[in-house]
Amino acid sequence: MSTRTPALDLLRPDLEQAIAILRAGGVVAMPTETVYGLAADARNADAVAEVFALKQRPLDHPLIVHLARADDVADWAAAVPETARRFGAAAWPGPLTLVLAARDEVPRQVTGGQDTVALRVPDHPLARALIAGSGGALVAPSANRFGQLSPSCAEHVLQGFGDAPPPVLDGGPCRVGIESTVVFVDDAGWQILRPGHWTADALERIAGTPPRPAGSTAPRAPGQLASHYAPRTPLVLCADRATLQALETPYDAVLELSSDPQAAAAALYDTLHRLDASGARRILAQLPPNTPDWAAVRDRLTRAATPA
Ligand code: AMP
Ligand code: MG
């Protein structure tokens with residue numbers, strides 16, 4: 001009996017409305033399989049500037065350009081080394097970002113002033129539809145204020161920006177739940193700049209060569225700060241269960257991680273958001289083992305625990 005009226009909820013646009021906002025040079029939070037991203041047209045300087053402003057992100061921190069198709073990499077990368085081609089063929093669409101030499105015309109606003117550009121083809125159906133419908137290339141850093149916990153569902157985005165949240169295209173909870181693996185590739189080899197869902201072991205099997213030793217040749221990866229992804233409540237990391245139990249008081253909350261690294265990653269930000277809101281004095285967590293399959297969760301926990 002009710003006639004359907006057009007949705008007027010400006011904070012919860014549907015796909016068509018989100019496309020219209022992006023085409024008009026606006027900003028929309030979009031679901032991806034990793035975390036929610038604050039999306040804007042990568043070729044629109046004012047829209048990209050608005051992303052930096054909303055996030056309060058330093059201007060030298062590069063943004064990842066999200067593409068609808070792997071073929072579109074040629075519009076952004078000056079060259080695509082064979083190893084990068086293999087990574088793209090194996091992982092895209094999906095949670096892997098490739099940092100490659102940038103074409104001259106790539107705005108240095110997007111690359112944080114560097115001559116490399118970070119590229120990813122996400123596999124969330126709404127992200128792909130949004131990218132394809134709005135011009136083919138969106139910057140989309142995590143949809144949270146700089147340094148804070150990343151959002152793995154629409155509610156986290158709406159809560160994270162206080163009384164001025166961006167509109168959110170709601171795609172439900174994120175499947176992977178933590179940010180993409182970021183890999184730098186040039187003709188001399190490859191190197192992980194940020195651990196994620198794709199492990200060093202898996203990438204080595206695809207590349208057929210081991211990663212180059214850390215340090216030396218890779219570009220800066222700003223955003224890899226000691227303190228990042230942090231809840232407001234202090235997070236205390238313990239090497240083992242006995243240490244945690246010795247520290248625990250009735251005022252503390254304990255972060256329980258799944259014994260499966262991918263399940264632990266998928267639940268990580270949601271659990272941290274919940275414990276952060278619980279009123280606990282501290283969050284205690286046991287650091288998972290120092291093995292390649294746990295590298296991404298260990299990385300996020302370690303940065304979340306370092307005092308700012
Ligand atoms: P996010 O804030 O999750 O979008 O992550 C972007 C991250 O990707 C940055 O913090 C850098 O670590 C990395 N990154 C992006 N673009 C570049 C680039 N051009 N060169 C090196 N690292 C980059
Ligand atoms: Mg982030």
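Fair warning: this is a prediction, and the values are worked out from it, not measured in the lab. When reading the values below, keep in mind they use all heavy atoms of this one structure, side chains included, and skip hydrogens, waters and symmetry mates. Each ligand, and each atom within it, is numbered from 1 in the order the structure gives.
- Nearest-heavy-atom check against atom 8 (O) of ligand 1 across Leu38, Val183, Leu193, Val182 picks out Val182.
- Using a 4.0 Å heavy-atom cutoff, Arg194 is listed among the residues neighbouring ligand 1.
- If you number the atoms of ligand 1 from 1 as listed, the ones under 4.0 Å from a heavy atom of Ala118 come out as 15 (C), 16 (N), 17 (C).
- Arg282 and Glu248 are not joined by a salt bridge, as no carboxylate oxygen comes within less than 4.0 angstrom of a charged side-chain nitrogen.
- Of all atoms in ligand 1, listed by their number and element, those nearer than 4.0 Å to a heavy atom of Pro141 are 4 (O).
- Counting only heavy atoms from C-beta outward, the side chains of Ser180 and Ile64 approach each other to under 4.5 Å.
- His156 and His273 have parallel rings, their planes meeting at less than 30° on a 0 to 90° scale where 60° marks the start of perpendicular.
- Between the side chain of Trp92 and the backbone N or O of Leu96, at least one donor-acceptor pair lies under 3.5 Å.
- Set against the non-hydrogen atoms of Gln114, the atoms of ligand 1 under 4.0 Å away are 18 (C), 19 (N), 20 (N), 21 (C).
- In Asp104, the CG atom is not crowded: 12 or fewer heavy atoms of neighbouring residues, nucleotides or ligands sit closer than 6.0 Å.
- Evaluation of the ring-ring contact (aromatic ring centres under 6.0 Å, His included) rule for Phe87 yields Trp190 as partners, not counting sequence neighbours.
- Of the heavy atoms in Thr116, both backbone and side-chain atoms come closer than 4.0 Å to ligand 1.
- Residue contacts with ligand 1 for Arg57 involve side-chain atoms from C-beta outward but no N, CA, C or O (heavy atoms, distance under 4.0 Å).
- The side-chain heavy atoms of Pro167 and Arg12, taken from C-beta on, include no pair separated by under 4.5 Å.
- Listed by chain and number, the protein atoms of type N/O/S under 2.8 Å from the Mg ion (ligand 2) are Ser142 OG; waters are omitted.
- Using a 4.0 Å cut-off between charged side-chain N and carboxylate O, Arg241 and Glu256 make a salt bridge.
- We find that Asp75 and Arg69 are not joined by a salt bridge, their nearest charged nitrogen and carboxylate oxygen being 4.0 Å or further apart.
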